[in-house]
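Single-structure report; data block below.
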Amino acid sequence: MQWETVIGLEIHTQLATQSKIFSGSSTRFGAAPNTQACAVDLGLPGVLPVLNREAVRLAVRFGKAIDAELAERSVFARKNYFYPDLPKGYQISQYEFPIVGEGRVEIVLDDGTVHEIGVTRAHLEEDAGKSLHEDYQGSTGIDLNRAGTPLLEIVSEPDMRSAAQAVAYAKKVHQIVRWIGISDGNMQEGSFRVDANVSVRPAGQTTFGTRAEIKNVNSFRFLERAIQFEVERQIDLITAGGKVVQETRLYDPDRDETRTMRVKEEANDYRYFPDPDLLPVQLDAAFIAAAIADLPELPDAMRERFQADYGLADYDANLLTAGRELAAFFEAVAQGSGAPKLAANWIGGELTAALNKSGLEIGASPVTADQLAGLIRRIQDGTISGKIAKQVFEALWNDGGDADQVIAEQGLKQITDSGAIESLIDSIIAANQDQVAQYRAGKEKVFGFFVGQVMKQSQGKANPQQVNDLLKQKLLA
Amino acid sequence: MALDRSDVEKIAHLARLAVAPADCDRYAHDLSNILDLVARMDAVDTTGVEPMAHPLHMTQRLRPDLATEPDQRDRFQAIAPQTDAGLYLVPKVIE
Amino acid sequence: MHDKTIAELAAGLRERTYSSVELTRHFLERIARHNPSLNAFITVAAESALSAAAQADLALAAGTGGPLIGIPIAHKDIFCTQGLRTSCGSRMLDNFIAPYDATVVERLAAAGAVVLGKTNMDEFAMGSSNETSWYGPVKNPWDQTRVPGGSSGGSAAAVAARLCVAATGTDTGGSIRQPAALCGITGIKPTYGRCSRWGMIAFASSLDQAGPMASCAADAALLLQAMAGFDPRDSTSLDTPVPDYVAGLDGDLAGLRIGLPKEYFGAGLDGRVAASIQAAIREYERQGATVVEISLPNSPLSVPVYYVVAPAECSSNLARFDGVRYGHRCENPKDLEDLYKRSRAEGFGAEVQRRIMIGTYVLSAGYYDAYYLKAQKIRHLIADDFRRAFEQVDVIMGPTSPTTAFPIGAKMDDPVAMYLNDIYTIAANLAGLPGMSIPVAPVDGMPVGLQVVGNYFEEGRLLNCAYRLQQQTDWHLGVPVGFD
């Protein structure tokens with residue numbers, strides 16, 4: 001029996017506003033419990049919500065970035081249920097009329113295949129507070145600092161057919177929200193949460209199987225594992241004659257399995273109705289235009305441009321458009337050096353390795369784009385070899401300065417005078433007659449010995465290409 | 001529209017109200033009467049009529065994104081039933 | 001002192017005939033004397049009132065302070081008053097000391113008014129007789145075996161008995177107008193959004209409005225002037241300028257077109273109440289108004305619609321009362337469910353629980369379209385009826401209540417019978433229109449109210465109508481026996 005996996009993702013991303021969506025409390029992370037919970041956030045009797053302009057602006061930016069319809073008129077609705085971290089006994093969300101309508105996200109898998117994943121909608125809502133269970137015997141502590149933080153809930157169509165696709169989509173959305181600056185997308189801090197709806201069906205069946213929801217997976221790696229486990233679990237269950245129950249499950253990374261949430265999940269009747277304390281949100285052309293005026297070139301467009309204009313391969317273009325800062329860095333180096341492919345190699349290679357080793361982001365790189373461009377120019381124009389360039393890079397990283405300075409100070413200029421190289425080769429050949437004989441007798445490997453000797457004697461500065469050519473000439477003469 | 005005990009129990013649960021078994025029938029009776037009153041709405045044809053959520057045709061005002069609220073935890077928790085170390089306490093919630 | 005208008009008192013204060021402290025003491029003594037029987041006040045704030053009065057006296061001496069400086073008023077116990085218990089007539093909030101002031105409270109304080117205390121009310125504003133209060137029923141000063149009306153029964157009784165100069169009330173389905181009618185005072189519910197709802201404990205958010213309750217139109221105008229205005233903390237607050245209600249009081253009524261809805265004068269209306277209403281209408285005609293019969297065909301639906309919409313909204317608004325952050329909490333909850341269910345069952349009275357349950361039901365899966373959505377559609381039709389009527393007339397008049405005050409306990413066993421008390425008043429809340437009740441000729445010694453409904457933002461015109469009637473008649477001047 002062939003099985004097909006069907007996955008839809010619901011992503012909650014915290015919007016990067018200064019204040020909460022319906023109150024003027026700060027949204028800063030890490031404050032002492034309930035010190036950022038004002039009367040509105042606490043749901044005191046008589047309080048009322050007022051909508052944060054920036055939350056709307058950021059939602060509009062997201063909508064535009066995924067090519068979605070923007071609702072001219074959207075409505076906030078109350079989602080009613082009781083839970084201690086939900087002070088009003090309802091969450092203000094959007095139900096029938098969300099601010100962002102249908103959109104699409106393009107994903108590229110490791111095997112190079114491209115898929116378009118539909119986004120059903122994205123809507124604004126407020127976050128709940130936090131429950132702390134650990135420190136109290138028989139009690140749970142409630143911190144409402146987070147209550148009221150603006151969230152954008154992004155709902156995908158059930159278009160994904162594998163864990164890999166789901167992860168690629170989640171990563172893409174993650175990239176987008178960070179790229180356009182609407183969220184810091186920090187999964188560990190909870191500002192980017194992914195819930196997966198997973199079901200299976202016999203290949204060829206058009207109706208959907210019963211789905212289970214896996215909540216709050218906080219890394220892409222865990223997301224992949226959770227989905228893979230869940231798919232197997234459902235297939236095993238159905239094959240053994242059982243039925244998948246529509247329920248909420250949690251992923252346990254320690255045991256690499258999904259489990260039913262311990263609280264019995266009753267079908268919640270949320271009794272949605274339009275919130276009478278809020279009025280419909282009207283988006284006019286002027287607001288939308290202002291919101292998207294400074295939207296940067298989006299990752300997909302930039303990736304395509306890098307491939308077209310700089311002749312970069314898929315892999316490199318993808319890597320360099322992982323983040324806006326990195327992409328900007330690359331462009332600066334590519335344009336400053338006039339050698340985009342070299343720039344791509346150096347950034348993807350040496351620079352990334354050095355940054356990773358020091359635990360730094362591109363924005364904190366001790367070697368600036370200018371410095372790197374200067375270095376690459378000197379490789380390009382033959383002043384130094386690629387190998388020597390690594391030395392220069394290290395010097396720039398540790399001590400600063402520019403490539404020319406370092407080259408001069410350390411005398412690293414490449415030797416390209418064929419006369420000089422020839423005499424060097426002559427003296428090495430003269431001193432190593434045994435090896436010459438070996439080589440002429442057919443021992444090809446000995447060539448490397450001679451190259452090594454030339455490089456050693458020239459402190460690595462002899463132009464490798466010329467060394468090769470001239471050695472060959474002389475040895476075979 | 002007649003509601004029975006089990007309807008009352010379901011509604012009371014959704015609304016988190018403890019209803020004593022002795023009161024269930026009376027509530028069922030009272031609620032049924034109210035729903036009979038409400039049933040008069042059926043007499044009106046509302047095809048094509050837009051629901052009126054707000055009396056006035058206004059749209060939502062947007063407020064500037066500024067953190068204006070100071071920390072008033074002490075004041076607000078002075079009236080709280082049970083707190084500890086700045087947290088509100090409830091009976092343990094199992095997740 | 002207690003039979004004077006605000007303007008007269010203001011003059012007396014300015015001329016130093018008496019001080020605000022003396023005035024305040026006077027009312028506090030009356031409250032001490034009469035409240036035990038009337039039960040109009042839940043909380044009397046003697047200390048803070050006298051302190052505020054002392055401050056007012058300083059301002060008066062300095063020649064500063066607005067038209068309400070030093071005038072003793074009361075607030076319906078639905079308005080948050082910082083540092084004072086704000087109970088909403090409920091055991092749920094018996095221990096709730098509000099940590100902030102409602103906007104209406106702030107504005108009246110800024111105008112210099114002195115707060116004597118918090119008045120009794122139907123629990124969470126749900127009722128038409130002030131019999132559902134945790135603090136016991138309020139008695140009608142005109143006949144203490146009868147109800148004062150509700151939900152602002154305490155404010156109405158306090159004003160009628162002259163225990164305060166004026167009071168604030170709220171009106172969701174008639175809760176200012178109906179008690180004003182039953183107690184013989186002047187009360188107005190302004191256009192929805194005219195007064196801020198910040199700090200006004202919510203019952204039905206799309207219907208609730210704050211308004212003044214006073215002994216005459218001029219006093220109501222002065223209070224409304226201070227209360228009304230845009231508040232950025234309330235998304236449903238109107239951002240339009242507040243006209244000068246006082247300046248507009250004396251306008252000529254010649255040419256005023258009065259609409260009388262034929263649906264309001266049918267069965268169910270006490271014939272003698274109808275006669276009082278007709279007498280008042282004739283007075284308007286004498287002043288140059290013309291009367292037109294109009295029809296508000298969907299008005300019979302207003303009670304059913306209200307008893308879907310209001311409970312739906314309140315079932316959600318009252319979900320925050322859960323024993324966690326404030327208010328009543330049951331003893332020794334064994335788990336979270338127990339905490340919620342017992343705290344709420346203990347904290348809320350029967351009428352509130354009934355309405356929460358109805359509200360929960362009409363919003364629940366499978367019923368939303370048939371009930372809530374349907375009700376909101378009929379609401380639209382009701383508003384349209386008024387829109388059409390106001391193309392022909394300037395104001396709509398009729399009785400505020402079908403009968404005079406009924407005996408305490410008479411309708412408590414039949415919620416639906418109680419609901420029908422609001423039959424004339426509810427439609428104005430559904431449409432968001434301003435409505436007022438003005439005292440007219442009493443029946444068997446019991447007050448009768450004339451309801452005047454105006455078009456959006458026409459509070460000024462309503463106050464004008466009331467003022468002109470009160471200049472030519474003395475129905476508003478009656479004082480119940482024992483309270484003069």
Side-chain angles (χ1 to χ4, degrees), chain B residues 1 3 7-8 10-20 23 26-28 30-31 33-56 58-64 72 74-83 88-94, chain C residues 95-97 99 192-193 206 232 235-236 238-239 298 300-301 303-305 307-308 315 319 322-327 329 333-342 344-345 348 353-354 356-358 360-362 364 371 373-381 383 415-416 419 430-433 456:
Chain B
M1 176 77 208
L3 295 183
D7 291 316
V8 172
K10 278 194 212 107
I11 296 167
H13 175 67
L14 270 180
R16 297 303 187 273
L17 292 168
V19 175
D23 294 331
R26 189 171 48 82
Y27 273 122
D30 284 344
L31 297 182
N33 281 347
I34 296 170
L35 290 176
D36 284 341
L37 165 69
V38 164
R40 295 187 199 174
M41 292 198 305
D42 297 341
V44 184
D45 180 8
T46 51
T47 343
V49 181
E50 281 297 302
M52 178 176 165
H54 288 282
L56 301 165
M58 306 195 309
T59 56
Q60 178 63 36
R61 183 170 21 92
L62 301 177
R63 48 160 251 280
Q72 294 193 81
D74 291 341
R75 198 141 73 94
F76 293 142
Q77 291 195 345
I79 58 169
Q82 225 194 330
T83 60
Y88 290 98
L89 292 185
V90 297
K92 195 159 197 79
V93 179
I94 306 164
Chain C
N95 68 1
F96 179 68
I97 308 292
Y192 182 85
S206 75
S235 293
T236 60
L238 279 171
D239 193 0
N298 290 290
L301 276 307
V303 176
V305 164
Y307 282 99
V308 169
S315 69
D322 57 10
V324 176
R325 298 164 312 290
Y326 48 80
R329 183 179 184 128
K334 64 180 196 314
D335 56 29
L336 189 65
E337 289 292 289
D338 189 40
L339 173 70
Y340 289 152
K341 289 183 173 176
R342 256 196 311 134
R344 290 164 62 78
F348 293 138
Q353 294 195 44
R354 261 193 294 271
I356 290 174
M357 285 201 262
I358 281 290
T360 303
Y361 181 75
V362 301
S364 63
Y371 288 113
L373 204 55
K374 178 94 183 174
Q376 295 285 49
K377 290 180 178 183
I378 300 177
R379 186 175 176 178
H380 200 157
L381 295 178
V416 173
Y419 297 163
L430 294 174
L433 294 166
Y456 298 105

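Since the structure is predicted, the reported quantities are computational estimates derived from the model, not experimental observations. Below, read A as the first sequence line, B as the second, and so on, with proteins coming before strands; counting in each chain starts at 1.
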inquiry  = I'd like to know if the side chain of B/Arg75 and the backbone of C/Pro99 have a donor-acceptor N/O pair within less than 3.5 Å.
reply    = yes

request  = Test side chain to side chain contact (heavy atoms under 4.5 Å, CB included) on C/Val324 and C/Leu339 and set out the steps.
outcome  = CA-CA 9 Å; C/Val324 176; C/Leu339 173 70; 4.0 Å; yes

For [X] against [Y], the heavy-atom pair lying closest together:
{"X": "C/Ala431", "Y": "C/Tyr456", "answer": "O-OH, 2.8 Å"}
{"X": "C/His380", "Y": "B/Glu50", "answer": "ND1-O, 2.6 Å"}
{"X": "C/Pro232", "Y": "B/Arg61", "answer": "O-NH1, 3.2 Å"}
{"X": "C/Arg329", "Y": "B/Leu89", "answer": "NH2-O, 3.1 Å"}

Contacting moiety of [X], where chain B heavy atoms sit under 4.5 Å:
{"X": "C/Tyr371", "result": "both"}
{"X": "C/Leu433", "result": "neither"}
{"X": "C/Ile378", "result": "both"}
{"X": "C/Asn298", "result": "side chain"}
{"X": "C/Arg379", "result": "both"}
{"X": "C/Ser206", "result": "both"}
{"X": "C/Ala319", "result": "neither"}
{"X": "C/Leu301", "result": "side chain"}

Contacting moiety of [X], where chain C heavy atoms sit under 4.5 Å:
{"X": "B/Met58", "answer": "side chain"}
{"X": "B/Gln60", "answer": "side chain"}
{"X": "B/Arg63", "answer": "neither"}
{"X": "B/Leu56", "answer": "side chain"}

Between [Y] and [X], is there a side-chain heavy-atom distance shorter than 4.5 Å?
{"X": "C/Arg344", "Y": "C/Gln353", "result": "no"}
{"X": "C/Met357", "Y": "B/Val19", "result": "yes"}
{"X": "C/Tyr307", "Y": "B/Leu37", "result": "yes"}
{"X": "B/Arg16", "Y": "C/Asp322", "result": "no"}

message = At a heavy-atom distance under 4.5 Å, which candidate from B/Leu17, B/Val8, B/Leu31, B/Val38 has the highest pair count against chain C?
response = B/Leu17

request  = Flag the one option from C/Gly193, C/Pro304, C/Ala375, C/Gly432 with the top tally of heavy-atom pairs under 4.5 Å to chain B.
outcome  = C/Pro304

Contact winner vs chain B - C/Phe96, C/Tyr340, C/Tyr326, C/Tyr361, heavy-atom pairs under 4.5 Å =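 Top count of heavy-atom pairs under 4.5 Å with chain B: C/Tyr361.
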
